[in-house]
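This report concerns only the one structure given below.
For clarity, every value in this text was computed on a predicted model and none was experimentally measured.
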Amino acid sequence: MSMTITDAAEQVMTSSRGVPLEVAAVIEETPDARSLVFTVPADRRAEFAYTPGQFLTLRIPSERTGSVARCYSLASSPFTDDLLKVTVKRTAAGYASNWLCDNVRTGDLIEVLPPAGVFTPEDFDDDLLLFAGGSGITPVMSILKAALSEGSHEVVLFYANRDESSVIFAGELRELAAAYADRLTVMHWLESVQGVPTVAQLAALSAKLDGHRVFTCGPAPFMGAVRDATARAGIVRNRVHAEVFTSLSGDPFAEVELPDVDAGTGDAASVTVNLDGQEHEFSWPRSATLVDVLLSKGISVPFSCREGECGSCAATLTAGEVDMDNSAVLDDEDIADGIILACQARPRSKNLSVEF
């Protein structure tokens with residue numbers, strides 16, 4: 001007997017970190033993909049303000065473990081959509097994706113963490129080249145809609161899928177291409193017709209648009225090909241942005257115990273943290289992560305899994321060096337650019353500076 005949405009609703013009240021959101025609509029995008037549209041209570045809207053390309057973490061009930069947590073990108077735009085929408089595509093062995101597609105109905109409650117993630121443009125003052133593979137269209141769609149409504153520059157979307165029936169948001173993309181015919185170009189690529197796109201083919205497209213800023217999301221082989229193609233085309237690394245998700249092994253909905261961080265014992269570094277426009281200076285014990293130190297001081301810091309798996313706590317190290325236990329969600333170029341995971345970072349230098 002599988003766990004029902006009623007069981008899930010009973011679990012919603014067991015966590016103080018999550019917020020129960022009502023499902024306003026369930027949209028069948030393709031035979032194996034559904035969008036869930038959420039209503040946010042009036043008193044929680046500030047918490048759920050988001051930027052294009054961010055994601056939500058959903059709590060899904062499980063008979064074996066009580067619940068599992070999964071991150072799903074927002075396909076809605078904060079500038080054009082009143083409600084929040086995430087899109088879930090079934091995966092063959094994916095418990096969470098299949099449960100959400102099979103069980104969720106309008107009116108159900110799902111426990112959700114506020115938006116997180118750094119796969120988002122700083123502004124819309126650039127022409128954009130967007131690469132999406134399969135369900136990787138979800139955050140890319142959020143960015144695309146925001147760029148069209150808030151910017152005035154060109155947007156080119158290269159969207160690869162297995163076949164025509166797999167194209168998520170096909171109708172919405174047609175409507176946007178017609179409404180913004182002077183600015184939006186949508187290029188569909190079907191593996192059933194054209195085969196898997198090669199690095200050479202992607203590089204030829206990228207070379208024609210080497211002045212564009214690139215955002216890409218999709219299966220790992222696809223994003224690897226995009227990375228190699230943009231490099232071959234001469235697009236500088238800091239203009240290429242990739243979104244990477246891994247399945248969370250921990251429980252980001254679990255109650256967070258306030259860390260016992262004693263800056264007066266042992267060796268400690270000095271750190272300046274810029275967060276939400278405020279500057280904080282304090283000692284950072286070398287045995288503690290930056291998230292733990294911030295929490296111990298009552299400073300609200302963005303985080304979800306605290307295990308280096310979701311990227312919610314990503315920040316930029318502007319001075320000094322850190323050690324990180326788990327940084328797999330970051331690639332070598334991210335680390336070279338100074339991106340760190342605050343939930344994994346411990347100080348190596350004597351003086352450091354970090355910006356969120």
Kindly determine whether D102 and R90 satisfy salt bridge (charged side-chain N to carboxylate O under 4.0 Å, His left out), including the steps that lead there.
CA-CA 10 Å; D102 289 337; R90 294 180 188 272; 2.5 Å; yes

Could you give me the CA-CA distance, side-chain angles and deciding distance for I340 and M324, then say whether side chain to side chain contact (heavy atoms under 4.5 Å, CB included) is met?
CA-CA 8 Å; I340 64 170; M324 288 188 287; 4.0 Å; yes

Side chain to side chain contact (heavy atoms under 4.5 Å, CB included), that's the test. Do L184 and L148 meet it? Break it down for me.
CA-CA 8 Å; L184 174 61; L148 293 175; 3.9 Å; yes

Quick one, S35 with T87, criterion side-chain hydrogen bond (donor to acceptor under 3.5 Å, both in side chains). Give me CA distance, side-chain angles, the key distance, then yes/no.
CA-CA 4 Å; S35 286; T87 303; 2.8 Å; yes

Would you sort out whether Y180 and L144 count as a side chain to side chain contact (heavy atoms under 4.5 Å, CB included), showing the intermediate values?
CA-CA 11 Å; Y180 295 92; L144 181 152; over 6 Å; no

Working note: V196 + F222, criterion side chain to side chain contact (heavy atoms under 4.5 Å, CB included); need CA distance, chi angles, decisive distance, verdict.
CA-CA 9 Å; V196 176; F222 175 79; over 6 Å; no

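Linking ILVMFWY side-chain heavy atoms closer than 4.5 Å, directly or via other members, places Y159 and V199 in two distinct hydrophobic clusters. Using a 4.5 Å cut-off between side-chain heavy atoms of Ile, Leu, Val, Met, Phe, Trp and Tyr, with links allowed through other members, V155 and L74 fall into different hydrophobic clusters. Cluster annotation: V40 is connected to L36 through the hydrophobic network of ILVMFWY side chains, with a link wherever side-chain heavy atoms come within less than 4.5 Å. Grouping the Ile, Leu, Val, Met, Phe, Trp and Tyr side chains by contacts below 4.5 angstrom, directly or via other members, places M187 with V214. V19 and L248 are not part of a single hydrophobic cluster, where members link through side-chain heavy atoms under 4.5 Å apart.
Of all heavy-atom pairs spanning K85 and F169, the tightest one is NZ-CE2, 4.1 Å. What you find for A233 and S206 is that their closest heavy atoms are CB-CB, 3.6 Å. For S283 against A268, the heavy-atom pair with the smallest separation is CB-CB, 4.2 Å. The minimum heavy-atom distance linking G133 with P219 is given by the pair O-CD, 3.4 Å. Nearest approach of L275 to P302, heavy atoms of both residues: CD1-CD, 4.0 Å. Shortest non-hydrogen contact noted between A314 and I339 is CB-CG2, 4.2 Å.
Checked by atom type and distance alone, the side chain of Q54 never pairs as donor or acceptor with a backbone atom of Y50 at under 3.5 Å. D123 contributes a side-chain N or O that, together with a main-chain N or O of D125, makes up a donor-acceptor pair within less than 3.5 Å. With hydrogens and angles disregarded, a donor-acceptor distance shorter than 3.5 Å links the side chain of Q344 to the backbone of N326. Panel note: side chain T57, backbone L113; no donor-acceptor pair is recorded below 3.5 Å. Distance alone, capped at 3.5 Å, places no donor-acceptor pair between the S327 side chain and the L330 backbone. A distance-only check finds a donor-acceptor pair linking the side chain of D108 to the backbone of R105 [under 3.5 Å]. Using modelled atom types, one side-chain atom of Q201 and one backbone atom of T198 make a donor-acceptor pair closer than 3.5 Å. With hydrogens and angles ignored, the 3.5 Å screen pairs no side-chain donor or acceptor of R237 with any backbone N or O of A336. The backbone N or O of F79 sits less than 3.5 Å from a side-chain atom of S77, completing a donor-acceptor pair. One N or O on the side chain of D334 and one on the backbone of D331 form a donor-acceptor pair closer than 3.5 Å.
A 4.5 Å side-chain heavy-atom check between L209 and L205 finds at least one atom pair inside the cut-off. When side chains are defined from C-beta on, T120 does not count as touching I143, because their heavy atoms never get closer than 4.5 Å. By the 4.5 Å heavy-atom criterion applied to side chains, E279 and T272 are counted as neighbours. Side-chain contact between V156 and L128 is absent, with no heavy-atom pair separated by less than 4.5 Å. At least one side-chain heavy atom of L290 sits less than 4.5 Å from a side-chain heavy atom of F356. Using a 4.5 Å heavy-atom threshold, the side chains of D126 and H153 count as separate. Within the 4.5 Å cutoff, the side chain of T91 has heavy atoms near those of the S97 side chain. Side-chain atoms of L100 and V88, non-hydrogen and from C-beta on, do get closer than 4.5 Å to each other.
Side chains of T138 and S73: no donor on one and acceptor on the other come within 3.5 Å. In this model, no donor atom of one side chain and acceptor atom of the other lie less than 3.5 Å apart for S62 and S67.
I168 CD1 to R34 CZ: the interatomic distance, rounded to the nearest 0.5 Å, is 11.0 Å. For the atom pair CD1 (I137) and SG (C217), the distance works out to 9.0 Å, reported to the nearest 0.5 Å. Atom CE of M141 sits about 10.5 Å away from atom OG of S76, to the nearest 0.5 Å. Distance check: L317 CG to L352 CG gives 6.0 Å after rounding to the nearest 0.5 Å. Atoms CG and OG, on D32 and S165 in that order, are 7.5 Å from each other to the nearest 0.5 Å. Interatomic distance, CG of L129 versus CZ of R239, reported as 10.5 Å (0.5 Å rounding).
Residue pairs meeting the ring pair (Phe, Tyr, Trp, His ring centres under 6.0 Å) criterion with at least one member in residues 125-147, sequence neighbours excluded: F131-F158. Applying the ring pair (Phe, Tyr, Trp, His ring centres under 6.0 Å) rule to pairs touching residues 55-75 yields F55-F245, sequence neighbours excluded.
Residues forming a side-chain contact (heavy atoms from CB on, under 4.5 Å) with E175 (at least two apart in sequence, or on another chain): none.
The number of heavy atoms from other shown groups lying within 6.0 Å of CZ (R348) is above 12. Atom CD of E164 has 12 or fewer heavy atoms from other residues, nucleotides or ligands within 6.0 Å.
D325 and R346 are joined by a salt bridge, as a carboxylate oxygen and a charged side-chain nitrogen come within less than 4.0 angstrom of each other. Using a 4.0 Å cut-off between a side-chain N of Lys or Arg and a carboxylate O of Asp or Glu, K89 and E29 do not qualify as a salt bridge.
Taking the centre and axis of the six-membered ring of F303, the NZ or CZ atom of R306 falls inside the cone set by 45° and 6.0 Å.
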